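Let me begin by presenting the structure, written as structure tokens, before commenting on it.
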Amino acid sequence: MAEIRDFKECVTKCILQEMKSSGAFYTWNNKQGGADRVYSGIDRVLINNDWILTMPDSEVFYRSEGTYDNFPAIIRWAELQKKQHIFRYFNMWSIAPSYKETVKQGRKTNKKGTKMYELVGKLNNLKGKLMQLNREI
């Protein structure tokens, strides 16, 4: 236990826990034959609460042994999809005194790349400026 005391203390301080797993029960073997072969479940994938909240359906799959003594661990995750807000243009913005200046500022961007990439950058910048104008009106 003295060999792993520091590690256990780190896991406790960082509030880590083992990721949900499937596949091979043992994750290591000594690659010896017959009765001398030893299997152990020494490998773990540890995660914190932020990971669990962001990717609650994540799981590690331990594949069966291969070339190496440790079995491969494949992690599958899917982040929670953030609800996307649809951008809507409101005609009332055009009557605001600062509308033209807001549009000029929104079109300014330092994005360099293809014409389409630059256009998308300008539109995203303009979207932010118009949403800010909407809060001010």
Side-chain angles (χ1 to χ4, degrees):
M1 291 304 280
E3 294 174 339
I4 62 168
R5 183 179 55 238
D6 290 342
F7 177 73
K8 286 182 76 163
E9 186 178 310
C10 176
V11 168
T12 302
K13 279 187 178 180
C14 295
I15 313 171
L16 299 176
Q17 57 186 299
E18 194 171 341
M19 181 184 278
K20 181 173 59 173
S21 66
S22 62
F25 183 74
Y26 297 110
T27 61
W28 176 87
N29 75 65
N30 64 355
K31 290 292 190 189
Q32 294 183 12
D36 294 330
R37 179 165 265 186
V38 176
Y39 287 95
S40 181
I42 62 173
D43 297 314
R44 303 281 189 267
V45 175
L46 301 174
I47 55 177
N48 63 15
N49 286 332
D50 288 339
W51 179 288
I52 294 168
L53 291 173
T54 305
M55 296 176 272
D57 294 329
S58 58
E59 182 177 359
V60 61
F61 175 76
Y62 293 104
R63 297 184 60 185
S64 56
E65 67 180 291
T67 307
Y68 302 103
D69 53 359
N70 291 77
F71 298 8
I74 310 297
I75 299 173
R76 180 192 59 79
W77 71 80
E79 292 185 39
L80 284 176
Q81 297 297 318
K82 294 181 181 177
K83 189 175 181 180
Q84 289 192 356
H85 299 281
I86 297 172
F87 176 77
R88 291 188 172 91
Y89 177 84
F90 297 107
N91 287 332
M92 68 177 189
W93 293 341
S94 64
I95 61 174
S98 61
Y99 174 77
K100 286 186 178 182
E101 186 59 33
T102 300
V103 171
K104 282 182 186 176
Q105 292 298 317
R107 289 179 54 195
K108 290 182 182 177
T109 181
N110 58 356
K111 301 244 184 216
K112 298 293 180 208
T114 65
K115 294 293 181 187
M116 183 59 74
Y117 182 78
E118 289 178 10
L119 175 63
V120 169
K122 287 180 181 186
L123 289 174
N124 283 332
N125 193 30
L126 180 58
K127 173 183 168 181
K129 300 287 185 186
L130 289 174
M131 291 175 81
Q132 182 178 353
L133 177 67
N134 192 53
R135 286 189 292 271
E136 293 171 1
I137 295 179

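Below, all heavy atoms of this structure are taken into account, side chains as well, without hydrogens, waters or symmetry copies. In this text the structure is predicted, and so the values were computed from the model without any measurement. Quick note: residue numbers are just sequence positions, from 1.
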Q. Salt bridge (charged side-chain N to carboxylate O under 4.0 Å, His left out) with E18: which residues, sequence neighbours excluded?
A. R44
Q) So do the side chains of I74 and R63 get within less than 4.5 Å of each other, counting heavy atoms only? A) yes
Q) V45 and Y62: which non-hydrogen atoms are nearest, and at how many Å? A) N-OH, 3.5 Å
Q) So how far is it from L119 CG to T114 OG1, rounded to the nearest 0.5 Å? A) 9.5 Å
Q) Atom CD1 in I47, atom CD1 in I15: separation rounded to 0.5 Å? A) 13.0 Å
Q.
Please report the interatomic distance OG1(T54) to CG(N48), rounded to the nearest 0.5 Å.
A. 8.5 Å
Q: Answer yes or no: is there a side-chain heavy-atom contact under 4.5 Å between N30 and R37?
A: yes
Q. Atom CZ of R76 and atom OG of S22: how far apart are they, to the nearest 0.5 Å?
A. 8.5 Å
**Q.** Residues which pass ring pair (Phe, Tyr, Trp, His ring centres under 6.0 Å) with Y89, listed by chain and number, not counting sequence neighbours
**A.** W93
Q. With sequence neighbours excluded, what pairs up with E9 under the side-chain contact (heavy atoms from CB on, under 4.5 Å) test?
A. K13
Q: Any chance you could measure L133, atom CG, to S94, atom OG, to the nearest 0.5 Å?
A: 10.0 Å
(Q) Clusters formed by hydrophobic residues whose side-chain heavy atoms approach within less than 4.5 Å: which one holds L46, and what are its other members? (A) F7, V11, L16
Q: Answer yes or no: does atom NZ of K104 have more than 12 heavy-atom neighbours from other residues, nucleotides or ligands under 6.0 Å?
A: no
Q: Assess whether atom CE of M92 is packed by more than 12 heavy atoms of other residues, nucleotides or ligands within 6.0 Å.
A: yes
Enumerate donor-acceptor pairs with a distance under 3.5 Å from any side-chain N or O in residues 124-132 to protein atoms, sequence neighbours excluded.
| unit_1 | atom_1 | unit_2 | atom_2 | d |
| --- | --- | --- | --- | --- |
| N124 | ND2 | V120 | O | 3.4 |
| N125 | ND2 | G106 | O | 3.1 |
| N125 | ND2 | K108 | O | 2.7 |

(Q) Checking one residue: I86. Which other hydrophobic residues are in its cluster under the side-chain 4.5 Å linking rule? (A) none
Q: Please check if atom CZ in F61 has more than 12 non-hydrogen atoms from other residues, nucleotides or ligands closer than 6.0 Å.
A: yes
Q.
Are there over 12 heavy-atom neighbours, none belonging to R107, within less than 6.0 Å of that residue's CZ?
A. no
Q) Between atom CH2 of W77 and atom CG of D57, what is the distance when rounded to the nearest 0.5 Å? A) 14.0 Å
Q.
Between M19 and S58, is the side chain to side chain contact (heavy atoms under 4.5 Å, CB included) condition met? List the steps.
A. CA-CA 8 Å; M19 181 184 278; S58 58; 3.8 Å; yes
Q) Are E59 and S21 close enough that a side-chain donor and a side-chain acceptor fall under 3.5 Å? A) no
